[in-house]
Protein chains: 2
Amino acid sequence: MTTAPQTRKRRMPRAERERQMLAVAEEIFAERGYAAAAMDEIAERCGVSKPMLYEYFGSKEGLLVACIRQARGQLATAITQAAVGATGPRDALRRGLVAFFEFTDAHRRAWSLVLRNEAAVAGQAAAAEVEAIRQEQVEIDLALLTAFLPDAPRVDLEAAAQIVVGACERLSLWYVSRDDVTAEQAADHLMRVLWTGLAALVEPPTAR
Amino acid sequence: MTTAPQTRKRRMPRAERERQMLAVAEEIFAERGYAAAAMDEIAERCGVSKPMLYEYFGSKEGLLVACIRQARGQLATAITQAAVGATGPRDALRRGLVAFFEFTDAHRRAWSLVLRNEAAVAGQAAAAEVEAIRQEQVEIDLALLTAFLPDAPRVDLEAAAQIVVGACERLSLWYVSRDDVTAEQAADHLMRVLWTGLAALVEPPTAR
DNA sequence: GGTCAACCTTACTTTAAGTAGGTTACTTGC
DNA sequence: GCAAGTAACCTACTTAAAGTAAGGTTGACC
């Protein structure tokens, strides 16, 4: 009685409360899907009432956008970090891929908001946020590819970058659903197809 | 006066009305996005009242699912048709790709429901329908790749199929947004990367 | 120990999905 | 031709959840 659990409601500074709200929202969005997620429930699980959510995030869509933006920042950081110290463009690509797959595995809940299309529901802003993630990836790949192939026509490079990003995204969904494949293996599968091509799978190249 | 435009309201047999509703719904979903699309508006533009939509499609999500399912059927037909009469697996793959890009261009409104993630909004059913499209593509690719590489480990083939599907999807979004690229060119870009690999772009192979 | 700001609440409005039950027009057998 | 049945259709409602107005409480700092 003297040392009651003190799990009682507590006032939090804004920054901390926002972080908590994002965590709870991410969980509920991933759990129920955006449409079925109720703001009342998110508020309740935060131990707070609904207008607080609106105070801090403006709207339901705003809350989703904040979740996605957070994940986006984390992903960009992870990939950028992974690429430093690479021995060359090819190594940089591989390291980036590994980091990407590791991230999507570790944050599969957050990432599923992107992958499983929980975005465009809400409207323009959320869709734009998801598209921004992909655009960011394309930029990164484009920079890499340009380093490889300074003389190639721009349009070829753009197409190639889109291909890499699309392959990554889809492969990550597959990879996350399989327990027997590691991030390295997924990256290797992709590197092999991208680098060597399917033809080489048919008949291994003469050398190299 | 004798031959008044007769654009007056008219009773339609169910099948015809359903087709009309699907066409209108597809348009409005693509125009406004799923969330912002109002059932009242769809009904009104059909010249019919809302309960009819619910009578025929059960729910808003059901209507979306019907739209997607229709597009899915059309796409599968287009790809299957394109592949008949191919001279070999490689040609079959290329023809399939061309058909895919042509379809997504011609039906860009319907396809945007899939590409721009207008699905999972609604809930499980719509998401499942979109996933079914991708699964269908994976199956097709898997069959093709197995014909290529009967001895390759299953897991390699699956990864490759996922890569092809992801690349297709992303590339189609890019291609649709560019007026200066034809379906054939998009298919060729993809074939080149997939078949020959990026390495060959760096230094063209010695022979064929 | 007062006062100011930030955190938080109750209780409301609004919008759009979904529905109950009745009405009108086409068709089919006589 | 005409009744009777059925399929297409409507008006008017309920309900659920997003979003908001206006005010109460707590803690920090002079």
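Every chain is numbered from 1, with letters handed out A, B, ... down the list of sequences. Computed from heavy atoms alone, side chains included, the values below leave out hydrogens, waters and symmetry copies.
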Nearest 0.5 Å, please: how far is CG in A/Leu75 from CZ in A/Phe103?
5.0 Å
Please confirm whether any donor atom in the side chain of A/Lys50 sits under 3.5 Å from an acceptor in the base of D/dG19, or the reverse.
yes
Rounded to whole Å, CG of B/Leu63 lies from P of C/dA16 at a distance of 17 Å
Rounded distance (Å) that lies between atom P of C/dA16 and atom CG of B/Leu53:
15 Å
Just call it for A/Met52: base, sugar-phosphate, or nothing, with non-hydrogen atoms closer than 4.0 Å on any strand.
base
At 4.0 Å (heavy atoms only), tell me whether B/Ala37 reaches a base, stays on the sugar-phosphate, or touches nothing.
sugar-phosphate
Should the pair A/Arg192-A/Asp188 be classified as a salt bridge under the 4.0 Å nitrogen-to-oxygen rule?
no
Using a strict threshold of under 4.0 Å (side-chain N to carboxylate O), is an ion pair present between B/Arg134 and A/Glu169?
no
When you get a sec, tell me which of D/dA7, C/dG18, C/dT9 is the closest nucleotide to the side chain of A/Ser49?
C/dT9
DNA chain C nearest-nucleotide lookup for A/Arg14 and B/Pro51: closer to the 5′ end is A/Arg14
Is a side-chain donor or acceptor of B/Glu61 paired with a backbone partner of B/Ala125 at a separation under 3.5 angstrom?
yes
Nearest listed nucleotide, side chain of A/Val48, among C/dT10, C/dC8, C/dG18:
C/dC8
To the nearest angstrom, the CD-C1' distance between A/Glu61 and D/dA17 comes to 16 Å
Between B/Arg178 (side chain only) and B/Tyr175 (backbone N and O only), is there a donor and an acceptor less than 3.5 Å apart?
no
Walking DNA chain D from its 5' end, the first of A/Gly58 and B/Pro13 to be reached, judged by nearest nucleotide, is B/Pro13
Distance check needed: C/dG18 P versus B/Lys60 NZ, whole Å only.
8 Å
Give the rounded distance in Å between these two atoms: CE of B/Met39 and P of C/dT19.
10 Å
Starting at atom CZ of A/Arg17, determine the distance to atom C1' of C/dA5, rounded to an integer number of angstrom.
17 Å
Nearest whole angstrom, please: distance from the C1' of C/dT13 to the OH of A/Tyr54.
13 Å
B/Arg11 has an atom CZ; how far is it from atom P of D/dT6, in whole Å?
16 Å
Just call it for B/Tyr56: base, sugar-phosphate, or nothing, with non-hydrogen atoms closer than 4.0 Å on any strand.
sugar-phosphate
